[in-house]
Amino acid sequence: MKKYLVIGNPINHSLSPKLHTYWINQNDINASYTKQKLNINDLKNLILKVREKKINGVNITVPFKKEIIPYVDKLTSNAQATQSVNTISLTDGKIIGHNTDIEGFVKAIKEIKYNIVGKKILIIGSGGVSPSIIFALYKMKAYNIVLSNRTKEKATYLQNFYNNTIVEKYGWNKIKVVKWGDVPEFDIVINATSVGLTKDQKLDLDFSNIGKDKLFYDVIYNPQETNFLKSGKNSGNKTENGKKMFVYQAAEAFKIWHSIEPEINQEVMDLLDD
Ligand code: ATR
């Protein structure tokens with residue numbers, strides 16, 4: 001029996017086991033998929049087990065998406081560009097670090113038929129998922145990206161990393177950083193923080209003067225409607241949660257490991273509701 005894992009810290013909230021196990025059963029694959037809470041000094045041993053084929057694939061979630069990089073043999077171009085790995089495979093004897101969050105986000109946006117071209121984006125948060133969202137948005141031809149993070153240094157770090165690498169390489173508009181509390185004009189605002197995972201949590205930001213025809217996108221999918229999305233809805237704007245992104249990133253990982261395109265239907269989407 002093949003063995004797959006999602007690792008992170010915390011990891012209890014992860015719905016990856018539910019989703020992957022559903023697809024494993026649907027495709028009659030002899031495999032298990034479980035979650036495991038790890039510490040940073042467990043990563044080396046984890047990769048050793050993948051090399052020895054005791055574990056056949058791993059999903060990486062916060063806070064290890066960057067920390068895992070020193071232990072892999074090779075990064076895909078998406079993982080390299082974002083310095084973020086969420087999927088590990090052993091391919092031709094080599095440990096490969098993939099980033100399927102990018103494709104997950106791109107496919108989610110395509111599915112809602114939202115046109116990113118020329119849009120001004122405000123991203124709240126500069127943690128584990130932000131690098132992938134930035135890269136995906138620029139690949140989809142966003143006009144510019146502004147970052148806002150409670151701890152400004154983390155936003156500035158991400159800004160410098162990107163502006164000096166792929167933003168410069170592709171001639172994209174440079175990423176800007178605003179101070180926490182400022183809400184500049186935008187077409188799309190993305191909550192990429194963990195605020196809202198608990199129902200009563202609320203971002204300390206004022207969106208009351210932003211006008212209409214905006215998209216409020218929350219990376220969080222559980223709860224389905226965070227206070228951030230509620231404020232978007234109440235001001236007459238379009239809203240979308242992170243469920244589709246989550247399902248599509250998982251589907252990309254499933255394809256890498258099993259060479260099968262898993263089915264995404266209403267039953268799959270319903271699996272992830274409370
Ligand atoms: P990490 O950054 O530790 O890898 P993450 O879940 O990927 O974890 O990121 C958490 C994000 O949510 C960060 O941008 C974090 O902001 P800080 O860098 O200031 O910690 C943000 N966040 C968490 N709690 C927050 C809060 N109460 N208000 C605003 N932002 C918050």
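Atom set for the values below is all heavy atoms of this structure, side chains included, hydrogens, waters and symmetry mates excluded. All values reported here derive from a predicted model rather than from experimental measurement. Atoms within a ligand are numbered from 1 in the order they appear, just like the ligands themselves.
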Which residue and non-hydrogen atom of the protein lie closest to [atom], and at what distance in Å?
atom                    : answer
atom 31 (C) of ligand 1 : V195 CG2, 3.6 Å
atom 1 (P) of ligand 1  : K154 NZ, 4.2 Å
atom 8 (O) of ligand 1  : V62 CG1, 4.3 Å
atom 21 (C) of ligand 1 : T193 CB, 3.6 Å
atom 7 (O) of ligand 1  : G128 N, 2.6 Å

- N-O pairing of R150 and D204 below 4.0 Å: no

- Message: Ring centres under 6.0 Å, that's the criterion: do F64 and Y71 meet it?
- Response: no

- So the atoms of ligand 1 within less than 4.0 Å of a heavy atom of G125 turn out to be 14 (O)

- Could you list the atoms of ligand 1 found under 4.0 angstrom from a heavy atom of G127? 2 (O), 7 (O), 9 (O), 14 (O)

Do the ring planes of [X] and [Y] sit parallel (below 30°), tilted (30 to 60°) or perpendicular (above 60°)?
X    : Y    : answer
F228 : F207 : perpendicular
H20  : W257 : tilted
F135 : Y162 : parallel

Please work out whether any backbone atom (N, CA, C, O) or any side-chain heavy atom from C-beta onward of [X] is under 4.0 Å from ligand 1, and answer side chain, backbone, both or neither.
X    : result
S194 : both
R150 : both
T151 : both

- Item | Heteroatom distance test (P63, ligand 1): nitrogen or oxygen, under 3.5 angstrom | no

- Task: Would you check whether W180 has a nitrogen or oxygen atom less than 3.5 angstrom from a nitrogen or oxygen atom of ligand 1?
- Result: no

- Does the side chain to side chain donor-acceptor pair (under 3.5 Å) test come out yes or no for T226 and D218, once each step is laid out? CA-CA 8 Å; T226 55; D218 204 321; 2.6 Å; yes

- Exam field: side chain E52 to backbone K49, donor-acceptor pair closer than 3.5 Å: no

- Answer with yes or no whether the side chains of N237 and S235 bring together a donor and an acceptor at under 3.5 Å. yes

- Of all residues at least two apart in sequence or in a different chain, which pass the salt bridge (charged side-chain N to carboxylate O under 4.0 Å, His left out) check with E267? none

- Message: Please compare N191, L147, N149 and report which has the shortest non-hydrogen distance to atom 13 (C) of ligand 1.
- Response: N149

